[in-house]
Amino acid sequence: MLQLQTIRENKESIITALKKRNIDAAPMIAAVIELDEKRRSIQTELDGILAESNKLSKEIGLLFKSGKAQEANALKEKTAGLKETSKQLGDDLNATAAALQEQLYLIPNVPHTSVPAGNSDADNEEVFREGDIPTLFEGAMPHWELAKKYDIIDFELGVKITGAGFPVYKGKGARLQRALISYFLDKNTAAGYTEMQVPHMVNEASGYGTGQLPDKEGQMYHVQADDLYLIPTAEVPVTNLHRDDILAESDFPIKYTGYTPCFRREAGSYGAHVRGLNRLHQFDKVEIVRLEHPNNSYQALDEMVEHVKNILRELKLPYRILRLCGGDLGFTSALTYDFEVFSTAQDRWLEISSVSNFETFQANRLKLRYKDENGKSQLAHTLNGSSLALPRVLAGILENYQTENGIKIPDALVPYCGFELID
RNA sequence: GGAGAAAUGGCAGAGUGGUCGAAUGCGGCAGUCUUGAAAACUGUUGAGGGUCACACCUCCGGGGGUUCGAAUCCCUCUUUCUCCGCCA
């Protein structure tokens with residue numbers, strides 16, 4: 001959520017910047033400004049009436065104390081009208097504030113100046129590429145066939161017990177999953193991220209805090225009996241750890257990592273690109289989250305990108321980094337780098353990590369602030385990234401490391417797996 | 001699941017209808033003293049709206065109500081604690 005003050009002061013530049021997202025924000029901004037002005041004028045009027053009625057109440061108290069009941073009762077009558085008006089104004093104020101809030105929720109984050117214009121993922125800008133794309137032997141398979149051949153992931157069993165998009169990992173497949181989780185967590189904690197285990201369900205306030213609500217309501221599984229949401233990413237519970245906090249400048253940086261399963265309804269997804277591990281309703285992910293001073297957040301973003309690079313380098317997977325264009329940029333993000341691993345057998349790139357700076361967009365919803373050197377409250381910056389999402393890393397490993405004798409385990413993972421080959 | 005108690009500023013903890021945005025202690029910050037630090041002493045120290053700045057307004061777990069007036073009374077929800085039951 002953008003800050004009102006920022007909108008008031010930078011109306012034109014916000015509208016211009018949001019054009020990169022291919023939206024005309026002018027009507028929304030105009031609505032916000034109008035509602036804001038209305039809200040403030042109602043507030044001013046209401047404040048005056050409340051001030052008067054506060055004053056009268058005090059006088060009445062004093063009159064009663066000094067035994068002047070008659071005068072007191074006369075004043076009481078005066079307050080009746082004020083009460084009526086203030087009730088009405090109060091209702092007005094609430095309605096206007098709610099409408100304003102609703103309108104603010106509709107406006108996405110302002111893209112960073114480096115974000116390229118564009119409509120779709122075709123317009124994303126490749127900024128880095130590394131690693132050799134292996135030459136596979138004749139008869140190399142995509143991961144869903146490998147999974148079946150070596151009996152390490154069973155999609156049908158998942159369908160039986162739950163439904164499509166809920167795979168069952170078996171034997172060495174399960175062990176490799178666990179190995180990846182431990183390996184990622186170790187890499188992240190070694191880089192100074194504190195490991196956290198958080199709930200896998202969150203309440204509504206948390207959903208609003210990081211921006212999944214109300215924008216992506218239909219993407220989350222909602223447990224209606226208890227009004228809780230299954231998390232679509234660890235970003236939600238981890239970032240919300242500091243909802244409503246006021247930090248000291250010296251608290252920065254705050255760096256967390258956490259492993260969680262992630263649940264996504266993926267309503268409307270279909271086709272070849274959702275085969276196998278490419279798109280799931282439940283998958284595992286290790287996330288990194290940072291809370292930063294605004295002056296340092298872009299440096300932090302670069303550090304996160306370097307960190308993820310190091311992991312992919314160590315896994316010896318061919319990958320590239322894209323700077324997302326305005327049309328592909330998430331609602332809450334100001335700048336996002338996507339990491340993609342090349343799937344040799346599928347001959348396409350698979351997104352395995354997304355690293356973003358949300359600037360103050362989430363912090364404003366979270367009321368996540370810090371005290372600056374003048375003792376004033378300022379919004380912090382929040383960032384997060386996958387480090388890393390398991391299914392597509394697994395797909396990349398299976399497909400790129402396959403040999404005629406089985407699937408080799410990347411050297412870095414052998415100590416975690418306890419075996420070198422899936423055969 | 002049943003019975004009872006409670007929720008107040010960063011923390012602890014007073015406050016049961018007006019003089020309370022809230023005593024006191026701890027912590028934080030600034031100053032005095034000191035070569036420096038500690039101790040001691042003095043001052044200061046919640047959040048939000050509003051204003052050029054003041055004024056002013058709102059907030060004592062959330063929501064609603066009673067009253068001229070609510071941290072204080074009533075209703076309701078949530079959470080925590082104690083006892084009982086159940087349980088990985």
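Chain letters run A, B, ... following the sequence lines, proteins first and then strands; every chain starts at 1. Not measured: the values here are computed from a predicted model.
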> Listed by chain and number, what are the side-chain hydrogen bond (donor to acceptor under 3.5 Å, both in side chains) partners of A/N54, not counting sequence neighbours?
none

> Find the distance A/E249:CD to B/C29:P and express it as a whole number of Å.
14 Å

> Of all residues at least two apart in sequence or in a different chain, which pass the salt bridge (Lys or Arg N to Asp or Glu O under 4.0 Å) check with A/D151?
A/K170

> How far, in whole Å, is B/U82 from B/U24 if one measures between their P atoms?
32 Å

> Paired with B/G69 by Watson-Crick or G-U wobble geometry, both distances under 3.5 Å: which nucleotide is it?
none

> According to the Watson-Crick and G-U wobble definitions, with both distances under 3.5 Å, which nucleotide is paired to B/C54?
none

> For the pair made of CD1 in A/I49 and P in B/C68, what is the distance, rounded to whole Å?
18 Å

> Short of 4.0 Å, heavy atom to strand atom, which residues of residues 50-63 of chain A count as contacting RNA chain B?
A/L50, A/A51, A/N54, A/S57, A/I60, A/G61

> Going by the rule salt bridge (Lys or Arg N to Asp or Glu O under 4.0 Å), which residues pair with A/R365 if we only count those two or more places apart in sequence or in a different chain?
A/D215

> Taking only the P atom of each, what is the distance from B/A23 to B/C11 in whole angstrom?
16 Å

> Could you name each residue pair satisfying ring-ring contact (aromatic ring centres under 6.0 Å, His included) that touches residues 78-119 of chain A, not counting sequence neighbours?
A/Y105-A/Y208, A/H112-A/Y298

> Going by ring-ring contact (aromatic ring centres under 6.0 Å, His included), name the pairs with one or both residues in residues 39-63 of chain A, residues two or more places apart or in two chains.
none

> Using the C1' atom as the reference point in each nucleotide, state the distance between B/G4 and B/U8 in Å, no decimals.
22 Å

> Identify the nucleotide, in any strand shown, that forms a Watson-Crick or G-U wobble pair with B/A3, with both distances under 3.5 Å; if there is none, say none.
B/U82

> Answer yes or no: is there an ion pair linking A/K55 with A/E52, defined by an N-O contact shorter than 4.0 Å?
no

> When you compare B/G63 with B/G27, how far apart are their C1' atoms, in angstrom units rounded to a whole number?
34 Å

> Using the ring centroid of each side chain, check whether A/Y370 and A/H293 are separated by less than 6.0 Å.
yes

> Let's test this: given Watson-Crick or G-U wobble pairing with both distances under 3.5 Å, identify the partner of B/G27.
B/U45

> Among residues two or more places apart or on two chains, list those pairs meeting salt bridge (Lys or Arg N to Asp or Glu O under 4.0 Å) that have a residue in residues 6-28 of chain A.
A/R8-A/D36

> Does any nucleotide pair with B/A22 by Watson-Crick or G-U wobble geometry, both distances under 3.5 Å, and what is it?
none

> For residues 414-423 of chain A, which side-chain donor-acceptor pairs fall under 3.5 Å, sequence neighbours excluded?
{"unit_1": "A/Y416", "atom_1": "OH", "unit_2": "A/D186", "atom_2": "OD2", "d": "2.6"}

> Checking A/E235 against A/N240: is there a side-chain donor and acceptor pair closer than 3.5 Å?
no

> Report all interatomic pairs (protein N or O, nucleotide N or O of nucleotides 44-51 of chain B) with separations under 3.5 Å.
{"unit_1": "B/A47", "atom_1": "OP1", "unit_2": "A/K371", "atom_2": "NZ", "d": "2.2"}
{"unit_1": "B/A47", "atom_1": "O3'", "unit_2": "A/R369", "atom_2": "NH1", "d": "3.2"}
{"unit_1": "B/G48", "atom_1": "OP1", "unit_2": "A/R369", "atom_2": "NH1", "d": "3.2"}
{"unit_1": "B/G48", "atom_1": "OP1", "unit_2": "A/S377", "atom_2": "OG", "d": "3.4"}
{"unit_1": "B/G49", "atom_1": "O3'", "unit_2": "A/R39", "atom_2": "NH2", "d": "3.4"}
{"unit_1": "B/G49", "atom_1": "O2'", "unit_2": "A/R39", "atom_2": "NH2", "d": "3.2"}
{"unit_1": "B/G49", "atom_1": "O2'", "unit_2": "A/Q43", "atom_2": "OE1", "d": "3.4"}
{"unit_1": "B/G49", "atom_1": "N2", "unit_2": "A/D47", "atom_2": "OD2", "d": "3.2"}
{"unit_1": "B/G50", "atom_1": "OP1", "unit_2": "A/R8", "atom_2": "NH2", "d": "3.3"}

> If we take the P atom in both B/G13 and B/C81, what is their distance in whole Å?
15 Å

> Expressed in whole Å, how much space separates the C1' atoms belonging to B/A40 and B/C33?
9 Å

> Heavy-atom contacts under 4.0 Å between residues 74-101 of chain A and RNA chain B, which residues?
A/K76, A/T79, A/K83, A/K87

> For B/A30 versus B/A22, give the span between their C1' atoms, rounded off to a whole number of Å.
24 Å

> A/D328: what forms a side-chain hydrogen bond (donor to acceptor under 3.5 Å, both in side chains) with it, not counting sequence neighbours?
A/N124

> Using the C1' atom as the point on both nucleotides, what is the distance between B/C87 and B/C20, in whole Å?
47 Å

> B/C77 C1' sits how many Å from A/D226 CG, rounded?
15 Å

> Now, which nucleotide makes the Watson-Crick or G-U wobble pair with B/C33, with each of the two distances under 3.5 Å?
none

> Taking only residues at least two apart or on different chains, which pairs with a member in residues 368-386 of chain A satisfy salt bridge (Lys or Arg N to Asp or Glu O under 4.0 Å)?
none

